[in-house]
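Remember, it's a predicted structure, so these values are computed and weren't measured experimentally.
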Amino acid sequence: MITRPRFHFTAASGWINDPHGITFRDGRYHTFFQYLPGRTDWAPDCRWGHASGEDLFSLTELPVALAPGGGDGGIWTGALVRDDDGKTRVFYTSTSQPDIGIGRIRLAAPADEDWITWKKGPFVAEAPAGLELVAYRDPFLRHDPDGWRMFVGAGDSRGTAMALSYHSDDLEAWQYEGVALERSRHETADVWMGALWECPQIIDVDGHAVMLSSVWEGDVLYYAGYAIGEYEAGVFTAQHWGRLTYGDSYYAPSFFRDDRGHPCITMWMRGVADFEAGWAGAHSIPYVLSVVNSALVATPHSDLERYRSADGVGQINGLAADIAWVPDSGELTVTSGGRPVVVLTATEDGDLRVTTADADTVVPVSGDVRLIVDGPVVEISSAAGLIGAAVAPSGDDLVVKVGGNPAMIAHALAP
């Protein structure tokens, strides 16, 4: 039995992946995403889907914002910015055959106040010569004291992952400045960061400069990793490297600031699908970022608490729950229809074993654990990182049980 998640965004039909351009404006969130209507597998001729809602747990799908054509074979991941005058622009990766790995960066602007219709503009950046690049895509923008900066993910023929830096005074004319940060695939200290950074984002969190990216090599999508260090004028100096996500689901975290200015991310979740119903792909819940002891920490967004039941229970009506657990010892089991949905076990080494019907994964854990179950999706978080997975409840309700004597509280989630 596969059900559509209630609190994780999926398109009505078709394939979705990378979220991007998440923005809070006039009391509503807008999110954009790579989209392939009518398909349940990926293809290069993506477009930009669009959804909006009062929070990121109640999004309504809107018409496609940008589609191939007019020089675009495919429209891949990008970013949305608003300048000091309130003007809105998006920057996206335009791809074309045969070399879809080397994109170009193009500008577009809304043609109406509701951001329903968009008008494509000029190409503003392309892969610089002399770097032997084999991949170039995924612009991200930030406003610095000396103007606008754009960072584009890249990888070269030697296996060096890069974030390339551009500068602009007006968001229209861009000048390539050089490599903001790079790391070879052969370096493994702290964490391996692959041969290409997809969606590299240089952001500020708790007074720290953070580079957050997706790790890619040889057409394999691995996980989200990061660097913490110092940033100035388009150059990032890494001091610590780390891994944020585990398992086979999370990819392409997208940075945004919520309605209170908190630094946040939402991610693409792979493996979540109902092929018979004609949809594939989901977006994670939003997480608030912080830096603790030189590590990037992601905590479920407090907006989720609006949907909790008043009292914590172990018997959950429905298939959505928000569970807090202290894994000092023992085991937490969520069942549905008498069958396990997910089992969390504290190991003797101080890690956490996450068991679903399809996988058994050991991940680091620190402090309290949050477990979000939403129909065919589970997300598990602690200060040591995140793991998400697809699951298959076999009943209409959930039962949460713990072994040993750790503290646990479970809330049903409902609209």
Side-chain angles (χ1 to χ4, degrees), residues 1-8 220-224 243-251 267-274 280-282 284-285 287 298-300 312-316 318-413:
M1 181 181 75
I2 299 175
T3 61
R4 185 183 291 271
R6 170 61 184 83
F7 298 96
H8 292 72
V220 178
L221 315 183
Y222 284 90
Y223 45 77
R243 179 171 174 175
L244 182 64
T245 70
Y246 296 84
D248 296 328
S249 184
Y250 288 131
Y251 200 72
M267 294 166 281
W268 170 33
M269 297 192 74
R270 298 170 285 170
V272 181
D274 187 338
S284 76
I285 64 168
Y287 289 87
T299 305
V313 295
Q315 177 75 42
I316 303 295
L319 294 175
D322 182 355
I323 303 162
W325 179 49
V326 180
D328 291 336
S329 62
E331 187 172 87
L332 184 149
T333 302
V334 181
T335 61
S336 177
R339 297 180 180 178
V341 174
V342 59
V343 179
L344 308 185
T345 307
T347 72
E348 294 181 355
D349 296 329
D351 294 323
L352 185 68
R353 182 179 299 277
V354 179
T355 304
T356 66
D358 296 326
D360 189 46
T361 308
V362 175
V363 299
V365 65
S366 176
D368 297 351
V369 169
R370 284 279 293 279
L371 169 63
I372 311 300
V373 184
D374 185 17
V377 185
V378 297
E379 297 193 63
I380 301 153
S381 59
S382 80
L386 312 172
I387 180 171
V391 293
S394 54
D396 297 323
D397 300 301
L398 301 172
V399 176
V400 185
K401 296 181 179 180
V402 293
N405 296 307
M408 184 277 291
I409 187 167
H411 294 274
L413 296 173

Full working for side chain to side chain contact (heavy atoms under 4.5 Å, CB included) between Met267 and Tyr251: CA-CA 6 Å; Met267 294 166 281; Tyr251 200 72; over 6 Å; no
Measuring from atom [atom1] of [X] to atom [atom2] of [Y], what distance do you get when rounded to the nearest 0.5 angstrom?
X: Thr356; Y: Leu344; atom1: OG1; atom2: CG; result: 10.5 Å
X: Ser381; Y: Ile285; atom1: OG; atom2: CD1; result: 6.5 Å
X: Trp325; Y: Ile380; atom1: CH2; atom2: CD1; result: 9.5 Å
X: Ile323; Y: Leu398; atom1: CD1; atom2: CG; result: 7.0 Å
X: Leu221; Y: Trp268; atom1: CG; atom2: CH2; result: 5.5 Å
X: Leu352; Y: Ile387; atom1: CG; atom2: CD1; result: 8.0 Å

Criterion side chain to side chain contact (heavy atoms under 4.5 Å, CB included) on Thr355 and Asp360, from CA distance to verdict: CA-CA 4 Å; Thr355 304; Asp360 189 46; 2.5 Å; yes
Taking all atoms of both residues into account, what is the closest heavy-atom pair of [X] and [Y], and its distance?
X: Val391; Y: Val377; value: CG2-N, 3.9 Å
X: Pro393; Y: Gly375; value: CG-O, 3.2 Å
X: Ser249; Y: Gly388; value: CB-O, 3.2 Å
X: Ser366; Y: Ala384; value: N-CB, 3.7 Å
X: Ser394; Y: Ser336; value: OG-O, 2.6 Å
X: Val365; Y: Gly350; value: CG1-O, 3.1 Å

Residue from Asp374, Leu319, Leu413 passing side-chain contact (heavy atoms from CB on, under 4.5 Å) with Arg6: Asp374
Arg4 and Asp274, any side-chain heavy atoms less than 4.5 Å apart: no
Student check: side-chain heavy atoms of Asp397 and Ile316 closer than 4.5 Å: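 Not touching, per the 4.5 Å side-chain cut-off.
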salt_bridge(Arg270, Asp248) N-O dist < 4.0 Å: no
Verdict with supporting geometry, Asp322 and Arg370, salt bridge (charged side-chain N to carboxylate O under 4.0 Å, His left out): CA-CA 7 Å; Asp322 182 355; Arg370 284 279 293 279; 2.9 Å; yes
